[in-house]
Amino acid sequence: MKFTDLGLDERLLEGIDAMGYETATPVQQQVIVPILEGKDIIASAQTGTGKTAAFLLPLIHQLLTHPHETHDINAMIIVPTRELAIQIAETMEGLSYFTSVSSIAVYGGGDGTSFATEKKALTQGVDVVICTPGRMIAHLNMGYVKLKGLRYLVLDEADRMLDMGFNDDIMKIISFLPRDRQNLLFSATMPPKMREMARKILHEPVEINIAVSKPPEKIIQKAFIVYDAQKVAIIKDILSTKSFQRAIVFCSKKQNVKQLSQELKRAKLSIEQIHSDLEQSQREQVLQDYRNKKIKILVATDILSRGIDIEDIDLVINFDVPNDGEDYIHRIGRTARAESTGTAFTLVSEKEQNKLAQIEVLLGQPVPKGNVPEEFGPTPEYNPRKPRSGSGGGGGKKRFSRQRKQQ
DNA sequence: AAAAAAT
């Protein structure tokens, strides 16, 4: 299905064309029409599937074709991270380039001038606001945000926002909004807490299910069963011998990002790190340098595991096994975007074997194990404890914790 | 068990 078949406004089609979009992705095909019909939506869809355009396009179209209050905020998009807010704002700018629809990203960590700029827009009116929760609340508490005309609310990566403890913040923001509005909720997963939130916010939503909790098959996955102490040397080896366009190395802790970055820099690898301890301006600089290919390797926390869309990442390395199985799928999903293929390596220490086993349960299949070259020395066996499969079936006995023996 | 998010 082509975008030209969807009956979208001419000015919007120009923007779509300029962005190089032609064919609607499955998410877009399923979501755009019900949004244009004014329905509330609850959609499970992962990023990289064209999800952002799936809600931006009908939003912009409605604003172009329906009379609306130009001195108010008409649509609010709430997202979990600053980087995601920036990215969506950029897509918004591109798509709406040939239209009169205005937009702004509202998020914390700026240098002081950003707050004033945001305040001006929120006071004088801007069609679409893309925000992180805390910063939006800061503005709302000041009492100047023009919300009377708001007719659209989008919650993106909603499950992630719940994980991050934004439930109360989101409900607080919503308490400021007019009741008569269209609500769009996007979430990779639908745990009970998510359902509960959806029930409070959405009105007779159309349910759309696209996300399969499975990574695309075109990603070549390999897990290396290793000792903790071998990890750094192996990463160095991969990064210096394997050829790739762009690589990203994920760690589960900021501390690990910092340490590993130091080690890699010492090995003369051209890398940058990104995590929330950096100044916001540094975060943006690093991401820009990475997008511009000034640097090819990024070492990151899960701040980048969801939502961030960068082309040509063909190598993802998990220095740590992610804590959450869903995060594994999100992390490796940074590669093999659109038409391309990619490789995802995961280094698994002895302590992390059980986590990998959990992930394999979620995937419904084992992650192929890779062989570590002999030069790195002997490696441990893969011998995880049987992963628990939810609420125990068949009245299994509680297992006593094994004695710990350190060698 | 850790990440991120308001000043």
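Residue numbers start from 1 in every chain, and the chains themselves are labelled A, B, ... in the order their sequence lines are given, proteins ahead of strands.
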I'd like to know if the side chain of E83(A) reaches the main chain of E284(A), judged simply by a donor and an acceptor atom lying under 3.5 Å from each other, with no hydrogens or angles considered. no

Using only atom types and a distance under 3.5 Å, with no angle test, would you say the side chain of S187(A) pairs donor to acceptor with the backbone of M190(A)? no

All ring pair (Phe, Tyr, Trp, His ring centres under 6.0 Å) counterparts of Y144(A), not counting sequence neighbours: H139(A)

Would you mind building the protein contact string for nucleotides 1-7 of chain B? One character per nucleotide, 5' to 3', B for base within reach (heavy atoms under 4.0 Å), S for sugar-phosphate only, - for untouched. BSBBBBS

Might you confirm whether atom NZ of K120(A) has over 12 heavy atoms from other residues, nucleotides or ligands at distances under 6.0 Å? no

Side chains of K254(A) and S276(A), donor plus acceptor under 3.5 Å: yes

